[in-house]
Amino acid sequence: MVYHNLKALIKGIRSCKTVADERALIQQESAAIRASFREEDSFARHNNVAKLLYIHMLGSPAHFGQIECLKLVASPRFADKRLGYLGIMLLLDENQEVLTLVTNSLKNDMNHSNMYAVGLSLCTFANIASEEMSRDLANEIEKLLGSSNTYIRKKASLCALRVIKKVPELTDHFTNKAKNLLTDRNHGVLLSAITLVTEMCHIESSVLDEFRNAAPLLVRNLKSLVTTGYSPEHDVSGITDPFLQVKILRLLRLLGKGDDQASETMNDILAQVATNTDSTKNVGNSILYETVLTVLEIEADSGLRVMAINILGKFLTNRDNNIRYVALNTLNKVVSMDTNAVQRHTNTILDCLRDGDISIRRRALELSYALINENNVRMLIRELLAFLEVADDEFKLGMTTQICLAAERFAPSKRWHIDTVLRVLKLAGNFVREEILSAFVRLVAHTPELQGYTAAKLYTALKSDISQESLTLSATWILGEYCEVLFQSGIPVDEEAGTQATDKDLVDLLSLVLDSPYANFLTRQFILAAIAKIASRPTTSAAQQERISDILTQYTTTPELELQQRAVEFASLFALGDLREGVLERMPPPELKATVMGIVSENKPVGSTQAKEADLLMGGEDGANGGPAGVQNSQDLLAEIFGSSGASSSPVPGTSQPAAATPRTTVDDILGLFGTSGAAPTPTTATRPPPAAMPSLFDASPQTQAAPTPPQPVAPKLTAYSAYDKNNLRISLTPQTSPNKPGIVLIQARFQVTDGDAATGVSFQAAVPKSQQLQMLPMSNPNINPGATETQQMRIVAPVGSIVRLRLRITFTMAGQQFQDQVDFSGFPPGLTGGAS
């Protein structure tokens with residue numbers, strides 16, 4: 001059945017009872033339409049194209065009607081043109097080759113005497129114009145921008161917008177006409193003209209400078225909109241043309257950015273808009289939001305900025321979730337501009353932490369982190385800890401990190417800092433990163449006056465909850481290291497009963513954790529090391545030492561290889577008497593390192609043994625996972641950790657040593673590390689070269705030579721290479737190598753102030769490619785006075801023959817101004833690491 005018009009076709013399709021019937025009907029009708037097109041029936045063409053467009057909207061193929069649409073466009077009848085242009089917009093896009101045939105029709109209709117026919121052609125052009133069509137018709141569009149008809153000018157402006165997006169180099173063609181359009185009184189023309197000018201300013205900076213002179217004109221337009229009375233034609237909820245106001249504000253934001261004169265022109269009107277706009281309606285809030293963005297972007301007065309932030313603070317009390325979210329998101333971006341102004345709304349921001357919308361809670365949390373400083377750290381951390389107690393699991397990992405970083409940075413006292421981290425460990429111990437745990441251990445190690453207090457708190461916390469992994473790890477490590485401090489401090493572990501911890505209580509607790517279902521592979525490793533240390537302390541009774549020995553003996557047959565190896569080594573140490581106490585004595589405090597937020601990895605849980613992804617570390621990392629040049633043997637590590645050795649040890653951690661030539665048993669390895677062995681001892685002779693300007697890592701060797709050492713050649717003169725010379729600070733790098741140690745480069749960094757005041761708070765960070773490894777010693781003095789020279793030592797282990805490359809980050813303060821620079825340095829000569837360059 002053939003349907004004669006669109007209405008009949010729609011009725012027929014709706015009467016179909018199944019999808020199959022509908023598809024069959026559409027296929028039958030499409031075939032009839034194709035047959036009619038072949039007959040060149042001009043009278044039926046209009047109905048056929050209308051039916052075909054409906055079929056297209058239902059999702060069926062209709063591309064065969066493209067040429068018929070072009071024929072309709074060429075018709076003198078307006079109804080045919082309108083349907084033809086509609087078909088072209090639906091069935092064609094800018095990538096179709098048929099589009100070239102449309103160009104001539106569009107050009108003819110742009111010069112049509114009927115303004116509605118011109119409007120059809122402009123509307124079609126704005127929807128489907130390609131780059132080639134834009135070039136061909138740019139002159140026609142430019143001419144229509146000067147039309148006396150507001151309807152045509154408005155549509156021509158949108159067509160010009162399409163042209164400059166497709167062909168940006170044609171922007172200059174429309175500059176003068178766009179200036180004239182900004183003076184138009186018709187709101188539709190003005191709206192499209194401002195949209196065109198905004199896009200032109202985004203595309204080309206020279207056009208932006210040219211339109212800065214139009215700022216007073218835009219201010220006048222905005223003022224007339226704000227001060228005009230009721231206008232029924234443009235009124236939206238009591239506000240005159242809010243769409244035009246928003247467009248003007250966006251363009252003013254673009255023109256005032258970085259320009260004091262233009263910003264000064266618009267300061268008054270922005271204040272007027274901010275104070276006179278009704279904020280009870282969503283329309284008014286949209287204008288206020290754009291005003292705030294404009295004030296914060298331009299070079300506005302400080303008072304105006306404070307007013308803008310106060311508007312955002314008022315948004316936070318709105319009942320609409322979208323408005324609160326937008327306000328929090330904006331405050332997050334501007335908190336660095338005027339922190340004090342944002343601080344006034346701290347209580348409102350904290351209230352948002354209890355919002356039911358998870359997106360608002362997330363944004364409020366991010367903003368809370370940015371507000372923490374020395375004055376409010378106690379209050380804000382208390383609020384964040386209260387939120388941590390009820391927060392979703394997805395928040396906890398980031399929260400524990402941010403709370404601990406803020407405590408590290410702004411802690412009023414060491415005890416408060418320790419209490420804060422302890423609270424975090426108790427509330428979310430399964431969501432604490434390894435870096436935070438390491439920083440806590442370093443803090444306790446460097447605070448001897450609070451070691452007993454911390455150990456007692458951790459003992460109590462672990463006794464009440466053994467399910468928090470990070471709490472278990474930190475408590476185990478600290479109780480193992482400082483158990484005698486806990487026993488001797490007299491601090492009660494049960495405040496109600498006033499009882500103190502004994503060695504039996506401590507071993508009972510660690511045994512309970514060891515056998516609990518919460519204990520994992522890493523936890524058991526920590527506990528074995530802790531109880532071995534407890535057994536070596538003089539405060540531990542013989543009965544508990546025997547008990548610990550039995551526990552270690554049980555784990556000598558465990559199927560987990562790492563645990564078995566530790567248990568065998570510790571059990572072997574029990575037979576060595578006095579030597580055991582030297583091996584298991586308290587570790588020296590580790591080097592203090594500032595926590596860098598950039599190195600915290602979302603995907604690295606506590607205890608992970610994966611390599612860090614970050615290349616930029618403050619102070620580098622000891623140890624290596626890489627090639628043989630960076631392998632350390634046990635003698636170096638124990639000499640470094642315990643400070644006692646029967647053989648000569650390296651003066652700087654990380655010196656690589658040759659591997660043993662013959663296989664040895666576990667007991668032989670342990671005895672050999674401390675200068676004793678079942679085999680005959682080898683006489684040792686330590687040979688040191690004269691002291692040089694920079695200490696060498698190649699001075700010591702674990703293997704001693706029976707034969708006399710041949711005389712060493714005279715060291716070549718060391719060359720300094722300039723790495724940084726800017727902002728009155730000069731940094732030079734002096735490399736030192738040894739032919740006996742290819743692949744190892746020692747570098748001395750020298751810091752000097754060339755002119756001006758002293759440089760204070762100097763932070764020198766370095767990173768190397770992943771194929772290389774870096775160690776850094778602390779800087780001799782972070783404050784560099786004029787005329788003084790400070791130094792810092794680095795050690796790089798690189799594949800032999802590779803080129804040493806460094807990425808340096810330098811931060812310092814001079815004359816009250818803070819500088820931060822990042823430079824890449826590869827100025828060392830080839831062959832520095834030995835081998836072929």
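- Closest of all the heavy-atom pairs between Ala529 and Arg566 is CB-NH1, 4.5 Å.
- Both the sub-6.0 Å distance and the 45° axial angle are satisfied by Arg415 relative to the ring of Tyr453.
- Between Thr553 and Asp550, the side chains place no donor N or O within less than 3.5 Å of an acceptor N or O (distance only, hydrogens not considered).
- Of the candidates Thr523, Asn430, Asn520, Glu469 forms a side-chain hydrogen bond (donor to acceptor under 3.5 Å, both in side chains) with just one, namely Asn520.
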Side-chain donor-acceptor pairs of residues 378-392 under 3.5 Å, sequence neighbours excluded:
residue : atom : partner : partner atom : Å
Glu389  : OE1  : Arg423  : NH2          : 3.4
Asp392  : OD2  : Arg361  : NH2          : 3.0

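- Of the inter-residue distances, the one linking Phe526 atom CZ with Leu479 atom CG reads 13.0 Å to the nearest 0.5 angstrom.
- Here the CG atom belonging to Leu462 is positioned 11.0 Å from the CG atom belonging to Leu425, to the nearest 0.5 angstrom.
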* Derivation of the side-chain hydrogen bond (donor to acceptor under 3.5 Å, both in side chains) call for Asp503 and Thr540 -> CA-CA 6 Å; Asp503 55 350; Thr540 307; 5.2 Å; no

* **Verdict with supporting geometry, Arg586 and Glu481, salt bridge (charged side-chain N to carboxylate O under 4.0 Å, His left out)** => CA-CA 6 Å; Arg586 189 185 302 175; Glu481 285 294 318; 5.4 Å; no

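- Heavy-atom neighbours of Lys396 NZ from other residues, nucleotides or ligands within 6.0 Å: above the threshold of 12.
- The shortest distance between side-chain heavy atoms of Gln402 and Glu366 does not fall below 4.5 Å.
- Judged by distance alone, the side chain of Asp505 and the main-chain N or O of Ala501 form no donor-acceptor pair under 3.5 Å.
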* Test log, rule side chain to side chain contact (heavy atoms under 4.5 Å, CB included), inputs Ile551 and Ile531 -> CA-CA 9 Å; Ile551 295 174; Ile531 61 175; 3.8 Å; yes

* Working for side chain to side chain contact (heavy atoms under 4.5 Å, CB included), residues Leu443 and Thr447 -> CA-CA 6 Å; Leu443 171 66; Thr447 317; 3.9 Å; yes

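- Using a 4.5 Å cut-off on side-chain heavy atoms (C-beta onward), Glu546 and Phe574 make no contact.
- In terms of heavy atoms, Lys426 sits closest to Ala461 at CD-CB, 3.6 Å.
- A side-chain donor-acceptor contact under 3.5 Å links Thr476 to the backbone of Thr472.
- Residues Ile796 and Gln773 have side chains not in contact (no heavy-atom distance under 4.5 Å, counting atoms from C-beta outward).
- Panel note: side chain Asn373, backbone Asn376; a donor-acceptor pair is recorded below 3.5 Å.
- The distance from atom CG of Leu552 to atom CZ of Phe570, rounded to the nearest 0.5 Å, is 7.5 Å.
- Here Arg344 contributes atom CZ and Ile349 contributes atom CD1; the two are 12.0 Å apart, rounded to the nearest 0.5 Å.
- Scanning both residues, Gln451 and Val444, for their nearest heavy atoms gives NE2-O, 3.2 Å.
- Considering Gln792, Gln793, Glu790 as possible partners of Ser780, the one that fulfils the side-chain hydrogen bond (donor to acceptor under 3.5 Å, both in side chains) test is Glu790.
- For the pair Arg795 and Leu774, the minimum side-chain heavy-atom distance is 4.5 Å or more.
- Atom CG in Leu522 sits 10.0 Å away from atom CG in Leu563 (nearest 0.5 Å).
- What you find for Val377 and Ala406 is that their closest heavy atoms are CG2-O, 4.4 Å.
- Heavy atoms only, all atoms of each residue included: Ile534 and Gly480 are closest at CG1-CA, 4.2 Å.
- At distances below 3.5 Å, not a single donor-acceptor pair connects side-chain atoms of Glu374 with backbone N or O atoms of Phe410.
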* What do the steps show when you test Trp477 against Phe440 for side chain to side chain contact (heavy atoms under 4.5 Å, CB included), and what is the final call? -> CA-CA 11 Å; Trp477 195 94; Phe440 176 60; over 6 Å; no

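- For the residue pair Glu569 and Ser572, no side-chain donor N or O sits within less than 3.5 Å of a side-chain acceptor on the partner.
- Here the CD atom belonging to Glu585 is positioned 8.5 Å from the CZ atom belonging to Arg537, to the nearest 0.5 angstrom.
- Counting heavy atoms from C-beta outward, Leu506 and Tyr459 have side chains that approach closer than 4.5 Å.
- Using a distance-only test at 3.5 Å, with no hydrogens or angles considered, a donor-acceptor pair links the side chain of Asn783 to the main chain of Gly761.
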* Could you please spell out the steps behind the side-chain hydrogen bond (donor to acceptor under 3.5 Å, both in side chains) verdict for Thr346 and Gln343? => CA-CA 5 Å; Thr346 301; Gln343 291 280 6; 3.3 Å; yes

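- Listed by chain and residue number, nothing satisfies the salt bridge (Lys or Arg N to Asp or Glu O under 4.0 Å) test with Lys414 (two or more places apart in sequence, or in another chain).
- Side-chain contact between Phe819 and Thr811 is absent, with no heavy-atom pair separated by less than 4.5 Å.
- For the pair Thr558 (side chain) and Tyr555 (backbone), a donor-acceptor distance under 3.5 Å is absent.
- In plain terms, the two heavy atoms of Asp357 and Asp355 that are nearest each other are N-OD1, 2.8 Å.
- A heavy-atom distance below 4.5 Å is found between the side chains of Thr401 and Leu405.
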* Asked: Passes side chain to side chain contact (heavy atoms under 4.5 Å, CB included), Ile491 versus Leu486? Steps please.
  -> CA-CA 7 Å; Ile491 299 176; Leu486 173 65; 5.7 Å; no

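- Of the possible polar contacts, none joining the Thr813 side chain to the Gly816 backbone as a donor-acceptor pair under 3.5 Å is found.
- Two residues are said to be in side-chain contact when any heavy atoms from C-beta on lie closer than 4.5 Å; Arg524 and Leu514 meet this criterion.
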